[in-house]
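Throughout, residue positions are numbered sequentially from 1 according to the sequence presented.
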Amino acid sequence: MIAILKHGTTPAQTQHLIDWLKNMNLDVHISEGQEVTVLGLIGDTSRVDMELLGSLDIVESVKRVSEPFKQVNRKFHPLDTVVQVSDAKIGGGHFAMIAGPCSVESEEQIIEVAAAVKAAGANLLRGGAFKPRTSPYAFQGMKGAGIELLIKAKAATGLPIVTEIMNISTLDLFADVDVIQVGARNMQNFDLLKELGKTQKPILLKRGLANTLQELLMSAEYIMSEGNENVMLCERGIRTFETYTRNTLDLSAISVLQELSHLPVIVDPSHATGKAKLVPPMAYAAAAAGADGIMVEVHNNPACALCDGAQSLTPVQFAELNKKVQQIREVLK
């Protein structure tokens, strides 16, 4: 349920109403815009008398929210959420380019790539330390040592770092990580999501391989319900009958998610297509569709990459991609 307050309502009046609602064992989510304040009521709202609430002098209207996701819902939070990561802002008109290798392989490699993508305009550095792989015999990442190398790359370049967590037990290793990524395979690892919700770190939540948009939003709700509002959604392609590409990039998800939710939407064309030559056109399409950011895999020597070299761009290719993405965004303005 949401209560929209009238313009001119004083802070004291608002707080008095919030206290009254909390006395009914409801949590109250406050969204303040320039013209309107929205109170989102979370909990057993059946005890709330809608007619009584709507009759109050300071209340413009009262509506029930039918969707199962509440805090993620744009009805609860009409304005776009802007996630701050160091000096970078994502969402609400702020755009981010996230780039780096699929996996951290060595200090020389990650620092070289970090310097190259920063020079090409990247805002954040991505790199896998823990790697979920289909085969148990494939390279599984450098784990804690990989995070240490990412931190060194951050010190060398100033780029905030994004890396994936796979297990609650390793959360302490992510203390100096700027953005914690939840991969597609862990999108419905609800125990992990709840623990991440108890932190205040920005979370990049990827859509599962065969999950609906509502399921993605419900997973984001798990994080936000524990108090962490710094959540970004990521469309990275879904499993369909098509086999030419690694996955099928659902570009319509950008508009749908932005309609339903206030959270920033990032697109990962690398995992969606699995082929380096397809990454640029899908990145351009994502920018044209209004994505809040794009995440691209970049390697200094894709042919020798230990993970996903086929979908990785070179630094030169990334520089060209970013240049065209920014041109597309200028046209949209």
Side-chain angles (χ1 to χ4, degrees), residues 83-90 94-131 139-166 170 173-183 201-204 206 232 234 236 264 266-271 276 279-280 283 292-326:
V83 176
Q84 181 93 34
V85 184
S86 189
D87 293 332
K89 293 182 179 180
I90 308 169
H94 302 281
F95 188 85
M97 287 296 294
I98 308 170
C102 175
S103 62
V104 180
E105 299 170 4
S106 69
E107 180 174 346
E108 180 183 10
Q109 172 244 16
I110 190 61
I111 291 179
E112 180 180 335
V113 174
V117 297
K118 180 179 181 180
N123 308 98
L124 294 93
L125 171 68
R126 63 142 292 143
F130 293 87
K131 294 303 302 177
F139 176 60
Q140 305 289 313
M142 296 181 68
K143 301 179 173 58
I147 291 180
E148 292 176 4
L149 294 183
L150 282 168
I151 293 170
K152 286 186 177 181
K154 175 183 176 180
T157 63
L159 285 178
I161 53 178
V162 183
T163 194
E164 181 173 346
I165 190 169
M166 291 176 57
T170 63
L173 297 176
F174 288 74
D176 295 320
V177 171
D178 298 285
V179 178
I180 299 178
Q181 176 182 307
V182 177
K201 281 188 178 293
I203 307 298
L204 180 63
K206 284 195 164 188
M232 297 172 281
C234 182
R236 45 81 68 206
I266 309 296
V267 171
D268 177 354
S270 299
H271 282 90
V279 170
D292 297 295
I294 294 171
M295 183 159 67
V296 178
E297 291 192 352
V298 180
H299 196 285
N300 52 345
N301 188 359
C304 296
L306 296 180
C307 179
D308 288 343
Q311 65 194 36
S312 299
L313 302 182
T314 65
V316 172
Q317 290 171 324
F318 172 71
E320 182 64 20
L321 177 148
N322 187 41
K323 177 182 177 182
K324 291 183 178 179
V325 164
Q326 300 306 328

### Query
Any chance NZ of Lys89 has more than 12 other-residue heavy atoms, nucleotides or ligands included, within less than 6.0 Å?
no

### Task
Would you check if Val113 and Pro315 make a side-chain contact, meaning some heavy-atom pair closer than 4.5 Å?
no

### Task
Return yes if some donor-acceptor pair links the side-chain N/O of Glu112 with the main-chain N/O of Gln109 below 3.5 Å, else return no.
no

### Query
Would a distance-only check, ignoring hydrogens and angles, find a side-chain to backbone donor-acceptor pair under 3.5 Å from Asp268 to His271?
yes

#### Entry: Neighbour count >12 (heavy atoms, 6.0 Å) for atom NZ, Lys201
yes

### Message
Donor-acceptor check, side chain of Asn123 to backbone of Met97, threshold 3.5 angstrom: yes or no?
### Response
yes

### Query
So which heavy atom on Ala129 is nearest to which on Thr163, and how close?
N-OG1, 3.4 Å

### Query
Quick check: does any side chain N or O of Glu148 sit under 3.5 Å from a backbone N or O of Leu150, one acting as donor and the other as acceptor?
no

### Cationic N near anionic O, under 4.0 Å, Glu320 to Lys324
yes

### Message
Main chain of Cys102, side chain of Lys131: is a donor-acceptor contact present, judged purely on distance under 3.5 Å?
### Response
yes

#### Entry: Value rounded to 0.5 Å, distance of SG in Cys234 from CD in Gln181
7.0 Å

### Any side-chain heavy-atom pair of Lys206 and Met295 under 4.5 Å
yes

### Query
So, do Ile266 and Ile294 sit near enough that their side-chain heavy atoms are less than 4.5 Å apart?
no

### Query
Can you find a heavy atom in the side chain of Leu313 that is under 4.5 Å from one in the side chain of Pro302?
no

### Query
Is the shortest heavy-atom distance from the side chain of Ile161 to the side chain of Leu124 under 4.5 Å?
no

### Message
Applying side-chain contact (heavy atoms from CB on, under 4.5 Å) to Val279 and Val296, what does each step give before you reach the verdict?
### Response
CA-CA 8 Å; Val279 170; Val296 178; 4.0 Å; yes

### Test item: Val182 and Ile203 side chains (from C-beta on) under 4.5 Å apart, heavy atoms
yes

### Query
Should Lys154 and Asp178 count as side-chain neighbours, where that means a heavy-atom distance under 4.5 Å?
yes

### Summary
Interatomic distance, CG@Leu149 vs CD@Glu107, rounded to 0.5 Å, equals 6.0 Å

### Query
Is there a donor-acceptor pair closer than 3.5 Å between any side-chain N or O of Glu297 and the backbone N or O of Gly127?
no

### Message
Please check: side-chain N/O of Thr157 versus main-chain N/O of Leu159, any donor-acceptor pairing under 3.5 Å?
### Response
yes

### Summary
CG (Asp176) and CD1 (Ile151) are apart, to the nearest 0.5 Å, by 4.5 Å

### Message
Using side-chain contact (heavy atoms from CB on, under 4.5 Å), reason through Thr170 and Phe130 one step at a time and then give a plain yes or no.
### Response
CA-CA 10 Å; Thr170 63; Phe130 293 87; 4.0 Å; yes

### Query
What are the two closest non-hydrogen atoms of Glu164 and Gly183, and how far apart are they?
OE2-CA, 3.4 Å

### Query
Pick one: which of Ile98, Val162, Leu204 meets side chain to side chain contact (heavy atoms under 4.5 Å, CB included) with Met232?
Leu204

### Query
So, for Val83 and Pro264, which heavy atoms are closest and what is the spacing to 0.1 Å?
CG2-CG, 4.0 Å

### Shortest non-hydrogen separation from Val117 to Phe318 and the atoms involved
O-CE2, 3.8 Å

#### Entry: Derivation and outcome, side-chain contact (heavy atoms from CB on, under 4.5 Å), residues Phe95 and Ile90
CA-CA 5 Å; Phe95 188 85; Ile90 308 169; over 6 Å; no

### Task
Output the distance between atom NE2 (His299) and atom SG (Cys307), rounded to the nearest 0.5 Å.
9.5 Å

### Summary
What one should report as the nearest heavy-atom pair of Ala156 and Ile111 is CB-CG2, 4.2 Å

### Query
Is a side-chain donor or acceptor of Arg236 paired with a backbone partner of Pro269 at a separation under 3.5 angstrom?
no

#### Entry: For the student: nearest non-hydrogen atoms of Leu125 and Ala114, plus distance
CD2-CB, 3.7 Å

